[in-house]
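Lettering follows sequence order; numbering is per chain, from 1. Computed from heavy atoms alone, side chains included, the values below leave out hydrogens, waters and symmetry copies.
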Number of protein chains: 2
Amino acid sequence: MSDDQWVPPTVLLAVDLVILTLRESRLQVLLVERGIEPYQGALALPGGFLNHAEEDLPAAAHRELAEEAGLDADHLHLEQLGVYGTPGRDPRGRVVSVAYLAIAPRLPEPVAGTDAAHARWTPTEQVLPDPTRLAFDHHRIVTDGVERARTKLESSALATAFCGPTFTITELQAVYEAVWGTPLDPRNFYRKVQGVAGFIVPTGRTRRTETGRPAKLFRPGPRQALHPAMTRPTVLSNEEKPQT
Amino acid sequence: MSDDQWVPPTVLLAVDLVILTLRESRLQVLLVERGIEPYQGALALPGGFLNHAEEDLPAAAHRELAEEAGLDADHLHLEQLGVYGTPGRDPRGRVVSVAYLAIAPRLPEPVAGTDAAHARWTPTEQVLPDPTRLAFDHHRIVTDGVERARTKLESSALATAFCGPTFTITELQAVYEAVWGTPLDPRNFYRKVQGVAGFIVPTGRTRRTETGRPAKLFRPGPRQALHPAMTRPTVLSNEEKPQT
DNA sequence: TAAATAGTGTCTGTAAGACACTATTGA
DNA sequence: TCAATAGTGTCTTACAGACACTATTTA
């Protein structure tokens, strides 16, 4: 600290994106096939270095979102997930990556012939169990992103961000079931979700399905913080099982 | 992106520490008086640049913790808070800072004659209301750190990290009251905290106070995640007040 | 009609919060 | 004895979860 010649080291700064959506009733994450070394040919999160030294971090995240997934900011939740900067995580040198979590309603297949051509949706249930499937430390980042999404679903109105502008309660339930990976009781969910003030508001319209009673349509309400919170069914560890 | 000459920009990487403790029944944060420009003479969070390009982030956080607060890793909770990297936040150039939250039991006054000589404890209630009191964007970082601590107190056993190796239930309550900034009912708190399996375990000993019945002593239990969670009294916004 | 999905009623157990009460110490 | 702090009992209300039941559609 008292070395007069010392100058602080510099690092390369990147953003990585965990983009989650719901397709085929499953939670899916956008992955790209890497075209260059390192990890050429492997699957990785979309992302990249800052464009220039003055680019803002959220701006870089939005730019990558547009470039690699063809997504504009509409209906889009974007939040910082964390920093991943272990020395050696990138063979090119000291790269520190800021991960962002993006959540979007039902998204289309990436369009061929664009920058997003090598992108593909992959169910998280295929990615999470295998830590070696992704390049760099991206498996850890995806794991953290999914866990963040699960937690946020409990206490915030984030679930509606997975839906279109209007939705049925059953559709909303499907979001919770897909993200949490647990089945929920439809009747309890129905009343529960309506009892949370400001979470969803009825539109007065209904939506016909192939068969069965038409369902009322709702849109997102004004509330971001949910009271009472949605409760994720607790997977009981051995220690907390009731003693019979 | 198709410019063959383009090379990614580099940035300066720093760590900043929000070190919280409990002194005089108040939540206090460690601040240092800056000895150099920019913001010379102003109060700021302890922290600094990476020592060398290969230093790990948590290692840098621990190093600053030792240098600026004289703290070793004992009894210490340390977690990543977030990245603060807005262009222009530091007049010296593009500095991206990774903030860490550290929580420690009752800490002594910083020792004069060490690197920590210019450090001082400051009650958060004096810092939080005034966004101009701290250098850089450190007010925001402190705000985020305190909010993180408040939230973690609800669902994790973090509160015991503010206490010594053994503590009374009343002391534990004082932690919750200081961090949350709300009074709690001692009788309900007493039963509540004992009903949370694995949170605290009785030592069998008691501690005498100046006056009044001696209190049972407890030590931290094995559980990190609390079930049921401690509930922070909800400050009702206008919208959610019950309609009479 | 049956099959399917939407939506309601009701009960039980757990837990939060209010608050009266008892217990054990020092002065 | 009183003052002070520790600890218990009990009631009310909220809410999670189980699950029987009714409602409205298409085939």
Output the rounded distance in Å from CD1 (A:Ile200) to C1' (C:dA6). 13 Å
Go through it in stages, so that I can follow the logic: the residues are B:Arg106 and B:Glu171, the test is salt bridge (charged side-chain N to carboxylate O under 4.0 Å, His left out), and I'd like the CA-CA distance, side-chain angles, deciding distance and then a yes or no. CA-CA 12 Å; B:Arg106 215 168 192 299; B:Glu171 284 170 353; over 6 Å; no
Within a 6.0 Å radius of atom CZ on B:Arg205, are there more than 12 heavy atoms belonging to other residues, nucleotides or ligands? no
Whole angstroms only, please: what is the CZ-P distance between A:Arg207 and C:dA4? 21 Å
Distance-only polar pair, side chains of B:Thr143 and B:Glu147, donor-acceptor under 3.5 Å: no
Between P of D:dA6 and CG of B:Leu172, the distance in whole Å: 13 Å
Length of the OH-C1' vector between B:Tyr190 and D:dG9, whole Å: 14 Å
Mark yes or no for whether B:His77, through its side chain, and B:Ala104, through its backbone, hold a donor-acceptor pair below 3.5 Å. no
Separation of D:dT25 P from A:Lys216 NZ (nearest whole Å): 12 Å
Is a side-chain donor or acceptor of B:Gln173 paired with a backbone partner of B:Leu184 at a separation under 3.5 angstrom? yes
Go along nucleotides 15-25 of chain C 5' to 3' and tag each nucleotide: B for a protein heavy atom under 4.0 Å from its base, S when only backbone or sugar atoms are that close, - otherwise. SSBBBB--BBB
Sidechain N-carboxylate O distance under 4.0 Å for A:Arg148, A:Asp144: no
Please determine if a side-chain N or O atom of A:Thr170 lies less than 4.0 Å away from the OP1 or OP2 oxygen of C:dA6. yes
